[in-house]
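A short worksheet on the structure shown next.
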Amino acid sequence: MNILVSSYKFKKDLAYLVLVFLFISNLTIAQENQFQAATVGFYNVENLFDIYPSAGLIDGNKDYQDEFYHINIKREDIPKYDTVDCKCRLTEENLKGKKVVRELILIDEFTPDGPKAWDETKYNQKLRNLSKVISEMGADVTGTAPVVVGLAEVESREVIEDLIAMPLLQPFNYGVVHYNSLDKRGIDVGLIYQKDRVVVTKTQKYELEIYNTNGRRDYTRDILRVDALLDGEPMHFLVNHWPSRRGGEAASSHKREAAAELMLSIFNEIREEDKDAKIISVGDFNDDPNSPSIKNVLNSVDKKRKVKDGDIFNATGSMFEKGFGTLAYRDGWNLFDQILTSSSLVGDDYDSYQLYRTEIFSPLYLVSREGSFKGYPNRMYGGDTYNANGYSDHFPVYSILLRKVKK
């Protein structure tokens, strides 16, 4: 959508208004400029499962990069498929030409008979709640929902399709990019995009191979790459959900460092195709901006003024220095949900899309108001206790991109 800088209706405090004034002063001197705006967001939606016990079905007769190579099926439907028992490491080579059922763990947890008593009513309530959040991210500036949102902790393509069909999101004509990963619980990343403004030109999954100390593979989430034209401008989006800190932060750090190396290789791959490519990588990195994976492996830069050509800029990095976070644990805040970009998105001419502002989205309704988790993200379940007014244990993050409208 097109917006006039002079017509922004910001509802922030005085300090923020001063920043806006400085921004306007830098962009306009003698005349008013018109800008086009786009919000790119990320949301770990925490356990967006349907109500059925599920399994994964891998069809090795399809292309490995086919989005339907690996799908979710109801566990009760397994006998309907002509599958083989593959007692092998799950690799593209080993699975080629075979149909294999992938059993999942904890799959009864989010079912009507499971400990969460997860039924259609609760599932639809979760969808309504999440759709409200997504529809409002960045809307105070752009007047519309995000053009692109990366998602984490989604069970399947179907749950994403149910999400974008909600009344608050349906008007934005979202499309879906999703690949089933080999994660043991069956949770994946995905991406939704406004089809009226974003044309997807290429999608690809990058499988992360990591191993436990016993030499056994730890199956985890893929990194999703989506190449697209945003309002006609080439853009590359990466969606991440890196391995957790299970077993301890230090003991599991090598897994996230491996994920960082994979993400860096994707950046380099894209830059080999176009050295000035605009790349936006979003995700739940299960690490903070100052963790070794982000700071050392990616060599990320937190300050715009220090960004040089070829750097990776952490648009959320300075927030963590100021004490802000997206999730809380034992009275401490972490900022696992981050947005990192190529240096080509950091500038102040706005002749093409550039980063303008990055925020943690935490309106009052997303904050718990009482109990032992007061002040934390307002989640739908604390243990097995249901909260109909809950959302996720993470706050979402978003960046607003701006570019001048050519006259």
Side-chain angles (χ1 to χ4, degrees), residues 10-16 41-49 106 109-110 114-119 121-140 146 149-154 163 166 168 185 187 241-242 244-246 248-249 282-291 316-339 357-398:
F10 295 113
K11 299 176 182 178
K12 300 288 185 180
D13 58 20
L14 180 60
Y16 185 68
F42 172 76
Y43 198 9
N44 180 327
V45 293
E46 191 189 16
N47 294 325
L48 182 55
F49 285 89
L106 303 176
E109 184 177 17
F110 283 89
K116 300 287 194 293
W118 188 242
D119 57 20
T121 298
K122 293 177 180 177
Y123 174 62
N124 286 326
Q125 184 66 44
K126 174 93 169 178
L127 294 172
R128 283 191 293 271
N129 293 2
L130 295 176
S131 68
K132 172 179 171 63
V133 178
I134 292 170
S135 70
E136 295 178 359
M137 292 164 60
D140 60 331
V149 183
L151 301 170
E153 291 201 19
V154 292
L163 176 61
M166 288 291 103
L168 287 174
R185 286 185 62 218
I187 58 172
H241 187 188
W242 290 1
S244 75
R245 293 186 170 189
R246 188 179 297 108
E249 177 185 351
V282 302
D284 173 358
F285 296 94
N286 272 306
D287 263 341
D288 292 311
N290 64 352
S291 298
T316 39
S318 59
M319 298 178 187
F320 186 64
E321 293 177 4
K322 297 172 184 175
F324 294 104
T326 55
L327 72 160
Y329 179 67
R330 294 182 178 175
D331 297 326
W333 283 94
N334 292 103
L335 210 164
F336 289 173
D337 307 272
Q338 301 173 46
I339 298 175
R357 159 183 159 195
T358 300
E359 296 282 344
I360 298 169
F361 188 61
S362 55
L364 286 178
Y365 69 81
L366 283 185
V367 182
S368 293
R369 300 185 184 182
E370 58 189 12
S372 57
F373 298 112
K374 184 178 180 180
Y376 289 15
N378 183 19
R379 62 195 301 182
M380 184 160 274
Y381 275 96
D384 293 333
T385 302
Y386 175 67
N387 169 23
N389 297 315
Y391 300 82
S392 168
D393 59 345
H394 290 244
F395 292 139
V397 291
Y398 67 88

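Since the structure is predicted, the reported quantities are computational estimates derived from the model, not experimental observations.
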Problem set entry | N/O donor-acceptor pair under 3.5 Å between D284 side chain and H241 backbone | no
For this session: For the pair W333 and L327, evaluate side chain to side chain contact (heavy atoms under 4.5 Å, CB included) and give the outcome as yes or no after the intermediate values.
Result: CA-CA 6 Å; W333 283 94; L327 72 160; 5.5 Å; no
Exercise. Is the gap between the ring centers of F42 and Y398 under 6.0 Å?
Worked result: no
Seminar exercise, completed: Separation between NZ (K126) and OH (Y381), nearest 0.5 Å, reads 9.5 Å
Exercise. Excluding sequence neighbours, so at least two apart, what forms side-chain hydrogen bond (donor to acceptor under 3.5 Å, both in side chains) with R369?
Worked result: none
Problem set entry | Any donor-acceptor N/O pair, K122 side chain to K116 backbone, under 3.5 Å | yes
For this session: Evaluate the side-chain proximity of M166 to L130: yes if any heavy-atom separation is below 4.5 Å, no if none is.
Result: no
Exercise. Hey, which of D337, N334, T326 is the one that makes side-chain hydrogen bond (donor to acceptor under 3.5 Å, both in side chains) with H394?
Worked result: D337
Exercise. P396 and V133: which non-hydrogen atoms are nearest, and at how many Å?
Worked result: CG-CG1, 3.8 Å
For this session: Check the surroundings of atom OH in Y123: do more than 12 heavy atoms from other residues, nucleotides or ligands lie under 6.0 Å from it?
Result: yes
For this session: Mind checking the OH-CZ spacing from Y391 to R128? Nearest 0.5 Å is all I need.
Result: 11.0 Å
For this session: Could you pull out all residues at least two apart from F361 that satisfy ring pair (Phe, Tyr, Trp, His ring centres under 6.0 Å)?
Result: none
Problem set entry | Sequence-distant partners of D393, salt bridge (charged side-chain N to carboxylate O under 4.0 Å, His left out), two or more places apart | R379
Exercise. So F49 and F110, would you call those rings parallel, tilted or perpendicular, with 30° and 60° as cut-offs?
Worked result: parallel
Exercise. How far apart are the closest heavy atoms of R185 and N47, and which atoms are they?
Worked result: NH2-OD1, 2.8 Å
Exercise. Can you tell me how far CG of N44 sits from CG of N286, rounded to the nearest 0.5 angstrom?
Worked result: 8.5 Å
Problem set entry | Any side-chain heavy-atom pair of F324 and F395 under 4.5 Å | no
Problem set entry | side-chain hydrogen bond (donor to acceptor under 3.5 Å, both in side chains) involving Y365 - partner list, sequence neighbours excluded | E136
Exercise. Where do S291 and R245 come nearest, in terms of heavy atoms and distance?
Worked result: OG-NH2, 3.6 Å
For this session: Please report the shortest heavy-atom distance between G325 and I360, naming the atom on each side.
Result: O-CD1, 3.6 Å
Exercise. How far apart are the closest heavy atoms of E153 and E46, and which atoms are they?
Worked result: OE1-CA, 3.2 Å
Exercise. Counting distance only, does the side-chain N/O of Y376 pair as donor-acceptor with the main-chain N or O of D331 below 3.5 Å?
Worked result: yes
Exercise. T316: what forms a side-chain hydrogen bond (donor to acceptor under 3.5 Å, both in side chains) with it, not counting sequence neighbours?
Worked result: N314
Exercise. By side-chain hydrogen bond (donor to acceptor under 3.5 Å, both in side chains), which residues pair with N387, not counting sequence neighbours?
Worked result: N378
Problem set entry | Straight-line distance of L168 CG to L127 CG, nearest 0.5 Å | 11.5 Å
Seminar exercise, completed: OH of Y386 to CH2 of W118, rounded to nearest 0.5 Å, is 6.5 Å
Exercise. How far apart are the closest heavy atoms of A328 and P377, and which atoms are they?
Worked result: N-CD, 4.3 Å
Exercise. Can you find a pair of side-chain heavy atoms, one from L151 and one from I134, that are under 4.5 Å apart?
Worked result: yes
Problem set entry | Nearest-0.5 Å distance, CG of residue N124 to CG of residue N129 | 11.0 Å
